[in-house]
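Structure, as structure tokens:
Values in this document were obtained by computation on a predicted structure and should not be read as measured data. Reminder, nothing fancy here: chain letters follow the sequence lines and each chain counts from 1.
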2 protein chains.
Amino acid sequence: MGEGPTITTIAARAGVSIASVSRVLNGLPTRQETVHKVLSAAEELGYVPNSVARSLKSRRTNQIAFAMADIANPVYLAMVREIQPVLKAAGYRLVLHSTDADVGDEIGVLRSLGERYVDGLIMIPLRVTEELVKAIAAARAPVVVIGSVPDGLRVDNVRTDSRTGLRLALDHLHGLGRSRIGFVNGPLDTVPGAARGAAYADGLAALGLPYQPELVETGDFYRAEGAEAVRRLLDRAPDIDALMCANDLIALGALHVLRRAGRRVPEDVAVAGMDDIDLAADAWPAVTSVSLGSAERGRAAAQLLLDRLHDAGRPPQVVTVRPRLVVRASTVGEEPR
Amino acid sequence: MGEGPTITTIAARAGVSIASVSRVLNGLPTRQETVHKVLSAAEELGYVPNSVARSLKSRRTNQIAFAMADIANPVYLAMVREIQPVLKAAGYRLVLHSTDADVGDEIGVLRSLGERYVDGLIMIPLRVTEELVKAIAAARAPVVVIGSVPDGLRVDNVRTDSRTGLRLALDHLHGLGRSRIGFVNGPLDTVPGAARGAAYADGLAALGLPYQPELVETGDFYRAEGAEAVRRLLDRAPDIDALMCANDLIALGALHVLRRAGRRVPEDVAVAGMDDIDLAADAWPAVTSVSLGSAERGRAAAQLLLDRLHDAGRPPQVVTVRPRLVVRASTVGEEPR
DNA sequence: CATCCATCCGTAAACGTTTACACAAGCGAG
DNA sequence: CTCGCTTGTGTAAACGTTTACGGATGGATG
């Protein structure tokens with residue numbers, strides 16, 4: 001059993017050449033009788049075209065890669081969820097890469113584009129090193145980067161403005177009369193960690209509030225690590241009346257810790273997060289969060305890549321998604337029904 | 001610019017034949033001098049082998065597909081998370097398919113195996129129709145099914161026993177002195193829905209409790225739909241003292257509804273779920289849940305597929321993962337510290 | 001009736017690899 | 001000195017498609 005039928009098998013059975021078979025299968029003009037012979041042969045044999053051979057000839061794989069740190073992160077998950085249907089509708093398959101936030105791994109993915117197993121890549125790097133930037137510039141296939149990139153880098157890019165976003169939340173907290181606003185951040189050597197840390201300082205200054213180092217704690221962008229950090233912060237500065245969290249997972253950890261500590265949210269401490277993941281809305285109390293439009297960014301990235309594949313020559317595009325504050329119970333209390 | 005360098009380019013530059021180039025790159029025995037010439041040429045040109053051409057010749061793609069209903073479902077997510085590293089370690093890429101629980105879509109994926117763009121498929125169908133079974137049997141590449149399949153179907157299979165699992169939870173609830181145990185299920189035309197519905201009835205019988213239709217409500221396996229169903233159930237049978245939920249998302253919805261209704265968990269109503277997703281442990285109160293070993297099933301499926309690719313001839317394997325009850329606050333209250 | 005054009009189809013090359021086979025050179029053994 | 005074996009390399013075929021090109025056929029046109 002020589003595996004599945006090929007175009008040669010069909011040609012033999014239909015009594016025509018492989019060229020005719022190919023033409024019929026691709027809908028090129030052909031005599032009606034030939035069309036019929038080929039189609040019935042193909043049907044009888046259960047022919048399915050070999051995508052590898054097709055790719056070799058056409059130099060297109062109809063596959064697109066998506067590389068992110070960890071699929072379990074709700075933000076990346078939301079993106080995959082949006083990216084997939086867009087690609088599927090355009091006839092592309094999705095190849096998934098988890099890099100564990102390892103820059104080396106990300107560079108490996110970029111290098112592997114030379115193998116030509118995908119037509120393009122959407123990536124969302126956490127740490128943007130010089131080497132990574134070089135690898136992006138040298139990539140052998142179109143790349144779309146979600147997140148901030150250095151100015152000089154000519155690459156399709158989807159970004160948001162977490163700085164402005166964090167400011168929205170601080171203004172909101174301040175507007176509620178809170179003035180001792182703690183801040184729990186993720187690692188400072190990541191792009192979002194650095195940006196959000198700076199934004200917190202800026203935001204306080206703009207509000208005329210003093211920057212007090214003892215109100216700032218650094219952990220990681222996960223729930224457990226966030227909870228740990230909140231615990232430390234609370235020990236050191238028990239009198240905070242608000243908590244700004246660098247993302248929603250940290251905020252969820254904060255809710256847990258505050259509840260254990262007997263603090264009411266938002267009466268004693270108002271809590272705000274960032275990313276507006278689904279869990280934020282479902283938590284109790286529901287968490288006020290700055291939406292950075294994850295879904296929208298995912299869709300935009302997919303669309304940028306499709307456009308790029310369609311027109312390789314156009315100048316690199318930058319799409320910016322505007323942050324938006326979603327106010328919920330964790331800052332303003334339960335809505336009356 | 002004729003795209004990237006190929007072995008032909010290298011051969012020209014090194015002054016050898018393409019066969020020698022291929023041999024060197026694949027580590028076959030070659031004269032030292034030739035090795036050197038080829039490697040430096042490859043290095044200088046920044047050569048990367050074309051995986052499509054390699055696949056065409058070798059008939060292997062080093063890609064494996066995973067098809068599930070919806071990546072946002074925490075259970076499937078947990079599986080992807082486990083499957084990916086196993087495959088990656090074995091040198092395979094992961095191609096992701098979301099089918100929206102559409103049987104037609106799943107059959108489409110199975111058919112597409114004929115295109116030979118992957119070496120195998122791991123799938124987790126929600127509804128097992130006759131047509132799906134036929135498509136599995138006719139698949140042109142190795143398939144591993146996670147979930148129950150009809151007895152006759154010869155296919156590698158990873159399953160669990162949700163029936164026994166649900167029984168564990170019912171026994172636990174009954175052991176706590178609860179006897180009016182409501183049940184909120186997902187769609188009955190899905191494999192898990194049907195199994196869990198039957199298990200509930202069996203479990204009650206085994207405990208000597210009467211089956212009361214008014215204690216059973218059907219929604220969907222999501223939080224919002226689950227919450228709706230719980231609301232209906234609560235209206236109809238306000239005197240329940242326990243709630244068995246067919247999965248954890250439903251249980252999370254239940255917590256929300258019960259809180260709104262002023263019922264204390266677990267004092268007034270004990271709540272148990274199924275799947276033991278991360279969220280169950282993080283909820284408040286933390287949800288008692290039947291673990292069906294999602295992570296373990298994912299790993300097992302990946303391993304089964306790798307083994308199958310290694311030995312096409314061996315008889316189909318079935319791996320069964322034993323369910324395990326994880327007791328948390330939603331049934332027994334807060335642990336003393 | 002010769003010419004031209006349109007239509008249809010087959011031959012062969014190409015995509016970038018791997019690999020069977022053959023050939024040349026070198027060398028030890030008879 | 002010849003035979004045969006080993007070692008290293010090149011030629012060419014193959015994987016399954018798509019497609020440029022040219023040949024054959026037949027009808028319309030002069």
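- The side chain of B:Tyr117 contributes no N or O atom lying less than 4.0 Å from OP1 or OP2 of D:dG16.
- Atom CG in B:Leu45 sits roughly 15 Å away from atom C1' in C:dG16 (whole-Å rounding).
- Using a distance-only test at 3.5 Å, with no hydrogens or angles considered, a donor-acceptor pair links the side chain of B:Asp119 to the main chain of B:Thr61.
- Taking the side-chain hydrogen bond (donor to acceptor under 3.5 Å, both in side chains) definition, one finds that B:Asp151 meets it with nothing, sequence neighbours left out.
- Qualifying side-chain hydrogen bond (donor to acceptor under 3.5 Å, both in side chains) partners for A:Lys88, counting only residues two or more places apart in sequence or in other chains: B:Asp105.
- Taking atom CD1 of residue A:Ile7 and atom C1' of nucleotide D:dT18, one finds them 8 Å apart after rounding to whole Å.
- Straight-line distance from the NZ atom of A:Lys57 to the P atom of D:dT17: 13 Å, rounded to whole Å.
- Out of C:dG16, C:dT17, D:dT17, the shortest distance to the side chain of B:Tyr47 is found at C:dT17.
- Look at CZ on B:Arg60: it is 18 Å from P on D:dC15, rounded to the nearest Å.
- Residues from residues 20-44 of chain B placing a heavy atom under 4.0 Å of any atom in DNA chain D, listed by number, are B:Ser20, B:Arg23, B:Thr30, B:Arg31, B:Thr34.
- Closest to the side chain of A:Val16, from the set D:dC15, C:dG10, D:dG16, is C:dG10.
- Evaluation of the side-chain hydrogen bond (donor to acceptor under 3.5 Å, both in side chains) rule for B:Asp102 yields no partner, not counting sequence neighbours.
- For A:Arg111, the CZ atom sits in a loose shell: 12 or fewer heavy atoms of surrounding residues, nucleotides or ligands are nearer than 6.0 Å.
- Contact annotation: A:Arg116 side-chain N/O to C:dG16 OP1/OP2 distance is not under 4.0 Å.
- Residues that satisfy the side-chain contact (heavy atoms from CB on, under 4.5 Å) test with A:Ala295, not counting sequence neighbours, are A:Glu82, A:Arg299.
- For B:Ser112, the side-chain hydrogen bond (donor to acceptor under 3.5 Å, both in side chains) partners at least two apart in sequence or on another chain are B:Tyr117.
- Atom CD1 in B:Ile18 sits roughly 10 Å away from atom C1' in D:dG10 (whole-Å rounding).
- Distance CG (B:Leu56) to C1' (D:dA14): 9 Å, rounded to an integer number of Å.
- Using a 4.0 Å cut-off, some side-chain N or O of B:Ser17 falls inside it from OP1 or OP2 of D:dG10.
- Look at CZ on B:Arg54: it is 18 Å from P on C:dC15, rounded to the nearest Å.
- One interatomic measurement links the two molecules: CG of B:Asn50 to P of C:dT17, which rounds to 5 Å at whole-angstrom precision.
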